[in-house]
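Given the structure is predicted, the values throughout are model-derived calculations rather than measurements.
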Amino acid sequence: MSIEQSSNFRRIDERLTTSGLLGVEELSALRGEGYDAVINLLPDTSGRAVVNEEAIVREQGLEYVHIPVDFAAPAHADLEAFTDAMDALAGKKVHVHCAANYRVSAFYALYAQRTGSCTEAEADALIRSVWDPADHPPWPEFIRDERQR
């Protein structure tokens, strides 16, 4: 199964893709699909987390970054860690995922807006192509507060 068949898959460009949850099969095929790294925003405590995800990814020689973002309480420090990871992986083919691509789409949209890769309207469109933060407090406030920093 290709990563492109994962839930809420989005291809941002030739070097960056995002999605919701990946299974062991998709994770195990990432090197074969040309990926260099994975950023996972899903906490290990989630019932949907893949057991041994880090080992599955690293055994393929890929870099692995885990930033467990609490969906009910996203934090500025989490976004800063994400920004640092994205900057460190610049030029590499990266896949970023969480449970449903909600955390990821919001974090990536904020990152892209900060770095000038997109406008606020484009960032909002990216997020809304996956979900509506208004349905999930505290996300509207988190997004607003991060834009004001």
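Note that the CG atom of D124 and the OG atom of S129 stand 11.0 Å from one another [nearest 0.5 Å]. To the nearest 0.5 angstrom, E54 atom CD is 8.5 Å from D44 atom CG. Remark: I67 CD1 to E80 CD distance equals 10.5 Å, nearest 0.5 Å. Within the model, atoms CD of Q113 and CG of L126 stand 11.0 Å from one another, a figure rounded to the nearest 0.5 Å. To the nearest 0.5 Å, atoms OG (S117) and OH (Y111) are separated by 7.0 Å. Between T18 atom OG1 and N101 atom CG the span is 3.5 Å, to the nearest 0.5 Å.
Contact annotation: the side chain of V96 approaches that of L16 to within less than 4.5 Å [non-hydrogen atoms, C-beta and beyond]. In this structure, the side chains of I143 and P133 come closer than 4.5 Å at one or more pairs of heavy atoms. With a 4.5 Å cut-off on side-chain heavy atoms, R10 and V104 do not count as touching. Contact annotation: the side chain of I56 approaches that of V24 to within less than 4.5 Å [non-hydrogen atoms, C-beta and beyond]. In this structure, the side chains of L110 and F82 stay at 4.5 Å or more apart for every pair of heavy atoms. Side chains of H95 and L22 form a contact here, defined as non-hydrogen atoms less than 4.5 Å apart.
Between R114 and E120 there is no salt bridge, since no side-chain nitrogen of the basic residue lies less than 4.0 Å from a carboxylate oxygen of the acidic one. Under the 4.0 Å criterion applied to side-chain N and carboxylate O atoms, E14 and K93 are not assigned as salt-bridge partners. Salt-bridge formation is detected for the pair E146/R149: a Lys NZ or Arg NE/NH1/NH2 atom is positioned less than 4.0 Å from an Asp or Glu carboxylate oxygen.
Of the possible polar contacts, none joining the R48 side chain to the L21 backbone as a donor-acceptor pair under 3.5 Å is found. Of the possible donor and acceptor atoms, none in the side chain of N8 sits under 3.5 Å from a partner among the backbone N and O of S19.
Minimum heavy-atom separation, V130 to A100: CG1-O, 3.7 Å. Nearest heavy-atom pair, A123 versus R147, reported as atom, atom and distance to 0.1 Å: CB-NH2, 3.6 Å. Between D78 and P68, the closest heavy-atom pair is OD1-O, 4.3 Å. Here the closest non-hydrogen pair linking P74 and P138 is CD-CG, 3.7 Å. Heavy-atom minimum distance, N40 versus H66: O-CD2, 3.2 Å. Across all their heavy atoms, I39 and A85 have their closest contact at CD1-CB, 3.9 Å.
Counting non-hydrogen atoms of neighbouring residues, nucleotides and ligands closer than 6.0 angstrom, the CD atom of E25 reaches no more than 12 such neighbours. Atom CG of N52 sits in a sparse spot, with 12 or fewer heavy atoms from other residues, nucleotides or ligands closer than 6.0 Å.
Applying the ring pair (Phe, Tyr, Trp, His ring centres under 6.0 Å) test to Y108 and every residue at least two apart in sequence or in another chain returns nothing. In this view, F9 satisfies the ring pair (Phe, Tyr, Trp, His ring centres under 6.0 Å) rule with no residue, not counting sequence neighbours.
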Apply salt bridge (Lys or Arg N to Asp or Glu O under 4.0 Å) to the pair D36 and R15, showing each step before the final yes or no.
-> CA-CA 9 Å; D36 300 305; R15 291 189 175 176; over 6 Å; no
Under the side-chain hydrogen bond (donor to acceptor under 3.5 Å, both in side chains) criterion, do Y35 and T17 qualify, and how do the steps go?
-> CA-CA 10 Å; Y35 286 89; T17 57; 2.7 Å; yes
Full working for salt bridge (Lys or Arg N to Asp or Glu O under 4.0 Å) between R58 and E63 | CA-CA 6 Å; R58 289 193 186 277; E63 294 181 58; over 6 Å; no
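V57 and L89 fall into different hydrophobic clusters, where Ile, Leu, Val, Met, Phe, Trp and Tyr residues are linked whenever their side-chain heavy atoms come under 4.5 Å apart, directly or through other members. Taking hydrophobic clusters as Ile, Leu, Val, Met, Phe, Trp and Tyr residues chained together by side-chain heavy-atom distances below 4.5 Å, V94 does not share a cluster with Y64. Follow the hydrophobic side-chain contacts under 4.5 Å out from V65 and you reach M86 in the same cluster.
Between H136 and W131, the ring planes are tilted. Angles from 30° to 60° get that label.
Between H97 and the options R103, E26, E53, a side chain to side chain donor-acceptor pair (under 3.5 Å) holds for only E53.
Taking the six-membered ring wherever Trp is involved, the centroid distance between the rings of W139 and Y102 does not fall below 6.0 Å.
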